[in-house]
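Notes follow once the structure below has been shown.
This is a predicted model, so every value here is computed, not measured. We're numbering straight along the sequence, starting at 1. Remember, it's 1-based here, ligands and their atoms both numbered in the order they're listed.
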Amino acid sequence: MQRDDEKLVEYFANPPEDISLGDVDLDRLPSHISVIMDGNGRWATRQGKERGEGHVAGIKSLRETITASVRLGIDVLSAYAFSTENWKRPQHEVDLLMHLFATTLVKELPLFHQENVRLVFLGDIEALPAQTREVFEQGLSETANHTGMTLALAVNYGARAELSRAARLLSERVLAGEISPEQIDQDAVSSSLYTAGLPDPALLIRTSGELRLSNFLLWQLAYSEFYVTDTLWPDFSRWELLRAIRSFQGRDRRFGGVIAK
Ligand code: FPP
């Protein structure tokens, strides 16, 4: 991905004591970074605020993570915004999130144009309330030809639902005589997922200290490196992103093999 070095250095000016741009190898960045944005509710509760204020604060962190990733030249950033299980939350919180998604997207579209960001969605967005769905579809079509970073927002996403859907899509193709069962291999499954065409995440970041996947990208995360931080999502910043990348670059990725000496 193209990178503007001048803008990059400016964006990461005034670092905290423990991390700076110089601590990461810009030639070995993860091509796809994925984030489970967790802890908005706890962040709000700890400050005596409504949970909704945590989600509003979380949008700022997402914006900063998008900009930082663009500056670094990351190819794909994916973020888990709403799961197939999140419908179980109180109705007023679901309504607020759906409203926030729509208003945020309208507000951020100029940023996506300015930074050449292509937006895609992971999940069943057909099932979203009309206003949210329409804004999402507008975002999709308006950014479809952008050639910079791909931002994949997981909304109404669940990995088990995604894999069941892939099985359905593939069996329909078999029934239509387009492919034979023998042709259903790993590439065929990958191409039937919402992430078709995107590289698998090299790095998964989860905030708020929880050590679980919560039905996120179960297939795609098979060989990803995990970085879990206690930082709550509204406190996540460009510096925490650099810490995650530094940690990632310190790992040996063997993909089940041995390290070549
Ligand atoms: C998890 O925190 C966060 C969410 C369920 C929502 C995340 C959404 C955003 C940050 C806005 C994204 C914006 C767009 C346009 C997609 P939580 O509520 O589970 O926190 P808790 O675990 O502390 O309760």
Protein heavy-atom partner closest to [atom] - residue, atom, separation in Å:
atom                    : answer
atom 6 (C) of ligand 1  : A81 O, 3.4 Å
atom 22 (O) of ligand 1 : R42 NH2, 2.8 Å
atom 14 (C) of ligand 1 : F101 CD2, 3.6 Å
atom 11 (C) of ligand 1 : I59 CG1, 3.7 Å
atom 18 (O) of ligand 1 : R89 NH1, 2.8 Å
atom 9 (C) of ligand 1  : M37 CE, 4.0 Å

For [X], is at least one N or O under 3.5 Å away from an N or O on ligand 1?
X    : result
D38  : yes
T104 : no
N86  : no
L105 : no
R51  : yes

Should we say atom CG of N145 is surrounded by more than 12 heavy atoms from elsewhere, each under 6.0 Å from it?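 Counting neighbours around CG of N145, 12 or fewer heavy atoms of other residues, nucleotides or ligands fall under 6.0 Å, so no.
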
Test your reading of the model: is there a side-chain donor-acceptor pair from [X] to the backbone of [Y], 3.5 Å cut-off?
X    : Y    : value
N215 : R160 : yes
Y80  : S214 : yes
S61  : P234 : yes

Salt-bridge present (E64, R71; N to O < 4.0 Å):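 Salt bridge absent between E64 and R71.
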
Do R243 and E240 meet the salt-bridge criterion of a basic N to acidic O distance under 4.0 Å?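 Salt bridge flag = yes for R243 with E240.
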
Region of L100 engaging ligand 1 - heavy atom pairs below 4.0 Å: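 None of L100 does.
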
Would you kindly specify which portion of K107 sits under 4.0 Å from ligand 1, judged on non-hydrogen atoms: side chain, backbone, both or neither?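 It is neither part, as no heavy atom is under 4.0 Å.
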
Heavy-atom nearest neighbour of atom 7 (C) of ligand 1 within options N40, I36, T207: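 Among N40, I36, T207, the closest heavy atom to atom 7 (C) of ligand 1 belongs to N40.
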
Check for me whether F82 has a heavy atom closer than 4.0 Å to any atom of ligand 1.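 For ligand 1, residue contact (heavy atoms, under 4.0 Å) with F82 is absent.
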
